[in-house]
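In each ligand, atom 1 is the first atom listed, and ligand 1 is the first ligand listed.
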Amino acid sequence: MAEVRFQQVGKTYPPRRRGRDGGSPVPVLRDLDLQIEDGEFLVLVGPSGCGKSTLLRLLAGLEAPSSGEIYVGNRAVSRLRPAQRDVAMVFQSYALYPHLSVADNIGFGLRRSRSRSVLELLQDGLHRTSRSWPAPLRLPSARERAIEARIADVAEILELGPLLERLPKELSGGQKQRVALGRAIARQPAVFLMDEPLSNLDAKLRTGTRTQIVELQRRLGTTTLYVTHDQVEAMTMGHRIAVLNGGRLQQLGTPMQLYQWPSNLFVAQFIGSPPMNLLPVEVCAPGQLLVAGRKLVLEGPLEALSAALVGQQLTGGLRPEHLRLAPATNRNLAAEVSHSEALGNEQLVTCRLLEGSQLVLVRTGPDEILAPGQSVHLEVDPAGWRLFDANGEALLPAARSATSASPQLPLFG
Ligand code: ADP
Ligand code: MG
């Protein structure tokens with residue numbers, strides 16, 4: 001077990017000789033500070049190409065940082081070889097050894113993990129050869145016995161027992177991914193690194209394996225850094241989420257902190273599906289916003305802040321659940337249905353505001369019958385407003401900005 005700390009880590013890839021970017025260096029991470037608590041499950045998200053895999057590969061030792069230092073516990077690891085770092089990585093592509101059985105794939109890291117004398121090597125080799133012989137003829141090796149016991153434990157945890165003698169090509173995608181997980185668990189590392197491990201699985205298997213990984217992590221208590229681009233995985237798996245974009249950490253917090261109080265427009269649009277609606281607003285009085293020609297009430301923690309913002313043009317954010325179809329009143333926004341998607345338990349309705357013609361998404365019940373072109377009125381939850389300044393930074397009530405600047409320890413258990 002250990003905490004992990006990235007301290008002012010930068011990574012620039014050397015220029016590629018060929019290719020479109022024609023020889024300029026590729027800066028990926030800039031002065032990144034990130035701390036993952038001991039036992040924490042941290043989910044890392046960000047758009048494709050933002051450096052998520054790079055960050056994992058730096059910790060695993062598959063790449064070297066251009067600047068800064070990475071700590072596992074209180075050990076600086078950037079000069080250590082991958083095998084010395086006490087981390088295990090699970091890849092999207094499984095990366096199993098095709099010529100080794102499931103059992104030997106799981107045991108691979110264990111067999112390699114310690115240097116042995118020539119005598120021990122010979123003994124272990126003879127032991128493995130004699131495994132298929134009748135019991136009385138088998139040659140003992142304490143180390144091999146321990147490894148086999150560990151493989152059996154892991155196989156039991158992941159329900160791989162019946163598959164131990166198979167080769168990877170004889171497994172389904174889900175089974176391969178469980179073997180890849182098994183290989184990581186077997187080594188009992190201080191840190192698990194998982195790079196989109198479920199993205200090659202179909203939706204149903206993904207849900208099952210997601211639950212299994214979360215339960216396993218909570219049971220083993222191993223510090224985990226998990227990369228995903230899946231909204232559900234991001235919201236449900238981790239103690240905290242880190243959002244990366246443009247080489248920088250955008251926000252670090254619990255899933256609910258990020259969903260409810262995104263620290264900037266990027267996070268507001270990236271976390272949550274569908275993303276937050278954004279509208280131009282003007283603070284016209286304390287606790288009052290001018291939106292699409294209507295004066296609407298602002299309540300909740302931002303109300304107190306609004307007194308100092310009167311006269312300012314800002315971007316207002318509203319989650320789709322903070323808009324509701326309602327009767328026409330002078331406090332509601334007049335709009336026209338553009339289209340609606342029925343999702344079974346709810347509908348997502350895209351509406352165009354009559355004034356300003358912005359599109360907004362509204363969540364509504366499954367039974368509402370809505371035709372394109374139909375006129376509707378939208379009621380806004382006055383406490384649902386989020387406000388962003390001209391630089392896209394969120395205006396946060398004091399208590400919120402403090403928690404996002406120095407994240408609290410996640411609750412375990
Ligand atoms: P992500 O996993 O978030 O999609 P990556 O960490 O794989 O992003 O890549 C980040 C950026 O670094 C991308 O622009 C990618 O093209 C570039 N990159 C990744 N690996 C290398 C490499 N070995 N050499 C040069 N550029 C690389
Ligand atoms: Mg990647």
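The nearest N, O or S atom of Ser48 is not closer to the Mg ion (ligand 2) than 2.8 Å.
Within a 6.0 Å radius of CG in Leu343, other residues, nucleotides and ligands contribute more than 12 heavy atoms.
Nearest-heavy-atom check against atom 13 (C) of ligand 1 across Pro25, Gly46, Gly49, Cys50 picks out Gly49.
Scanning all protein heavy atoms for the shortest distance to atom 19 (C) of ligand 1 gives Tyr13 CE1, 3.4 Å. Closest to atom 15 (C) of ligand 1 among all protein heavy atoms lies Arg16 NH2, 4.6 Å. The protein heavy atom nearest to atom 7 (O) of ligand 1 is Ser53 CB, 3.6 Å.
Atoms of ligand 1 found under 4.0 Å from any heavy atom of Val28, numbered from 1 in the order shown, are 10 (C), 11 (C), 12 (O). Of all the atoms in ligand 1, the ones that sit under 4.0 Å from a non-hydrogen atom of Ser48 are 4 (O).
Considering backbone and side-chain atoms alike, Thr54 places an N or O below 3.5 Å from some N or O of ligand 1. Of the N or O atoms in Pro14, none lie within a sub-3.5 Å distance of an N or O in ligand 1.
Just one of Arg5, Gln8, Gln7 meets the side-chain hydrogen bond (donor to acceptor under 3.5 Å, both in side chains) condition when paired with Asp33; it is Gln8.
Within the 4.0 angstrom cut-off, atom 21 (C) of ligand 1 has one or more protein heavy-atom neighbours.
When atom types are taken as modelled, the side chain of Thr254 and the backbone of Gln257 share a donor-acceptor pair closer than 3.5 angstrom.
Ring orientation note: the planes of Phe266 and Phe270 are close to parallel, at an angle under 30° on the 30°/60° scale.
Across every non-hydrogen atom of Pro168 and Asn105, the tightest pair is CG-ND2, 3.7 Å.
For the pair Glu368/Leu325, a side-chain contact is recorded, criterion being any heavy-atom separation below 4.5 Å from C-beta on.
Tyr71 and Glu3 form no side-chain donor-acceptor contact under 3.5 Å, judged by distance and modelled atom types alone.
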